[in-house]
Structures are given as structure tokens and as C-alpha cells.
Amino acid sequence: MNIIEKENGIILEEVADFDPKHIFECGQCFRWRAEEDGSYTGVAMGKVINVKREGNDVIIDNTTKEDYENIWRDYFDMDTDYGKIKSTLKEFDEYLDKAVDFGWGIRILRQDSWEMLISFIISSNNRIPMIQRAIENLSERYGKLIGEYRGKKYYAFPTPEELNKATQEEIRECKTGFRDKYIKSTCKSVVELGLDVKNFRKLSTEDCCKELKKFNGVGPKVCDCIALFGMQKIDTFPVDVWVKRVMQEFYIEEDMSLPKMRKFALEKFGDIAGYAQQYLFYYARELGIGK
DNA sequence: TGCCAGGAGAAGT
DNA sequence: ACTTCTCCTGGC
């Protein structure tokens, strides 16, 4: 892969396994929006960038080669060989084979641990557009202004200290609904105990989950999402409604409980279960499987 | 207008 | 270890 600098951005030449639509719409992130030209603009790691694919090239606008090396290379998980993961998954069965071909450009973003903790607390019993709106509201009110891009103002996700300044009522005003108390309680714990949740990455998957579930509003599913998307724990398998539907369609009986479904998938896919979950989720949601 | 989707937590068995 | 109920919002 060759990196070329352009006016206010960079071009990554000949990038394999990278498609913005697949990456930003496979249920892992909430701050990316599709533009009319098919590109995506979003906020991550305190910056605003725009990402699009042209042929085999990926164009990242509003950034520098330096930021790519320091931030985006890690964020987009560029040092992981998705070709290898995909061929392993395709070997499993005809369903994975189809799901991987369908979401060929998916990558699991290495997102901020703290942002994922709060984002997935908001996700509980909630729909994606509502989750996106609540996160935007919290960022606008409590996060730092990053600046303007294409005529729109963008705000960073608030730090624990910034968000902890909000009262439960103020958090609710951001359209978080009944999760207001979970967010308040989690902010309070993190700030008062002086925790840096990013350090949970160093723990084993099991211990990491144990720690995450201590926070109010973090149950089994939310915990799996934070571990997978915010802690890079690939041996997890979050079972949401779409994954449940696709599992019932392809692998298991209707009446299997969620914990058993999770166990089944972990045993089947092993330490790449998290990748399998992403391809299956995207496939199920885009095609409306099991609805 | 009423009804539905979407998970955690609490209280029950 | 399981089941059941409530929590809130927006869209149909």
C-alpha cells in the first residue's frame, strides 16, 4: 500500500478489504454519516475526517500523513490481515461464505474504550438512529468543539470528567431515556475511582467482561459489544436481535436462550468469533433476514 | 390513538 | 438458573 499526500488529505493506494459502507454500517459505530457522494464523515479520536473508496484506493480527507500513521492506521485496524480472516471464515459453511462475500470490506474499528462504554450503555433496548442522536447530543453539550468541516460543526465525545459535570436530568435531556441513571452512575464511578477503562484491554477477555459488568447499565450483550469494539477482544460474540435472527435462520433452534446461543457461536468460531459476528450482523441487517 | 422494537435490572420463582 | 415486568422514544 502506497500513501500519497493531497490537498488537506491523503490517498491510500491499493487497499484490500476496505469499504466505508461495510465498515460504518455493520453496527460497530455511531458517529459516521453517509454523504451524498457515498463517502462517510465522522468524528473519532477527537478529529473529523471523511472517508471514501475510489476503485482500490481509499481517500481520507481532512487529515495528514502524520495523523494516518499515529491515529488512523490503528483505528482502521490496517495491520490486521482481513484476507486471511475472511478465508478462514468462508471455510466454515455456505452461510459464512455468503456473508463474508457480502460484507467483504468490513473491518473492526479500534475505537476509544470510554466512548464505547457509554455508547453501548445507550444502545440497550434502543434503535440505531436514537443511539446516534443521543451520542450527538452528549457530544455537542459536553464535548470539545473540534471545528467546522464542510459547513458543519463537530464535537468530540466528552471525556469522563466532562460528562460527569452533567446531572442525571441533563443527561436525560440528551434523549438517553431511562439510561440516564446508568450513564450518570458509570461516569461517577470512572471519575471517582480514577479509572482509565482503556487499561481493561490488558486483562483477559473473561476478566475484562467481569470488570465491565460492574458498571450500571452493562449486562451480557452490552459488555460483549464494549469488549469487541472498544477493547479488541475478538473472542466475544454479541448477540443482538439481528444476530439472533441470523443464528436461528442458519444454525440453531428457535427456542435456544441467548447465553446458549453465545456459547454455541464461541465454540464454533473460537478466537475469531467477533469477526464472524460482524459479517453475520451486516448480512442479516442489510437483507432483513429473519424479520 | 395505540402499539411495537430494543436490553438491563429487579424481583419473582 | 429461569421468567416476567418496567424503563423511554419515535415511527407507523
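The sequence lines fix the lettering, A, B, ..., with proteins before strands; numbering per chain opens at 1. Keep in mind the model is a prediction, meaning the values are calculated, not measured. Side-chain atoms are counted along with the backbone in the values below, which use heavy atoms only and exclude waters and symmetry mates.
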Base, sugar-phosphate, or nothing for [X], non-hydrogen atoms under 4.0 angstrom?
X: Asn216(A); value: sugar-phosphate
X: Pro129(A); value: nothing
X: Phe215(A); value: sugar-phosphate

Starting at atom [atom1] of [X], determine the distance to atom [atom2] of [N], rounded to an integer number of angstrom.
X: Trp242(A); N: dA5(B); atom1: CH2; atom2: P; answer: 12 Å
X: Lys214(A); N: dG9(B); atom1: NZ; atom2: P; answer: 15 Å
X: Asn126(A); N: dG6(B); atom1: CG; atom2: C1'; answer: 7 Å
X: Phe178(A); N: dC8(C); atom1: CZ; atom2: P; answer: 8 Å
X: Asp240(A); N: dA8(B); atom1: CG; atom2: P; answer: 11 Å
X: Gln132(A); N: dG6(B); atom1: CD; atom2: P; answer: 15 Å
X: Leu258(A); N: dC2(C); atom1: CG; atom2: C1'; answer: 13 Å
X: Lys175(A); N: dG11(C); atom1: NZ; atom2: C1'; answer: 14 Å

* To do: Give a yes or no on whether the backbone of Thr159(A) and the side-chain of Glu162(A) come within a donor-acceptor separation of less than 3.5 Å.
  =>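 Confirmed, Glu162(A) side chain pairs with Thr159(A) backbone.
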* **Pair Lys165(A) + Glu170(A), salt bridge at N-O below 4.0 Å** => no
* Respond yes when some side-chain nitrogen or oxygen of Arg179(A) is under 4.0 Å from OP1 or OP2 of dC7(C), and no when none is. => no
* Asked: Step by step, would you call Leu203(A) with Lys210(A) a side-chain contact (heavy atoms from CB on, under 4.5 Å)?
  -> CA-CA 10 Å; Leu203(A) 301 172; Lys210(A) 222 179 270 175; over 6 Å; no
Can you identify which nucleotide, out of [options], has its nearest atom closest to the [X] side chain?
X: Lys260(A); options: dC8(C), dA8(B), dC2(C); value: dC2(C)
X: Val241(A); options: dC8(C), dA8(B), dG6(B); value: dG6(B)
X: Lys221(A); options: dA8(B), dA5(B), dC8(C); value: dA8(B)

* Taking for each residue the nucleotide of DNA chain B with the nearest heavy atom, is it Lys213(A) or Arg245(A) whose nucleotide lies nearer the 5' end? ->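 Its nearest nucleotide lies further toward 5', so the answer is Arg245(A).
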* Asked: How far does CD1 of Ile234(A) sit from CD1 of Ile108(A), to the nearest 0.5 angstrom?
  ->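 Those atoms lie 4.5 Å apart.
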* Heavy atoms from other residues, nucleotides or ligands near NZ of Lys6(A) exceed 12 (cutoff 6.0 Å) ->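 It does: Lys6(A) NZ has more than 12 such atoms within range.
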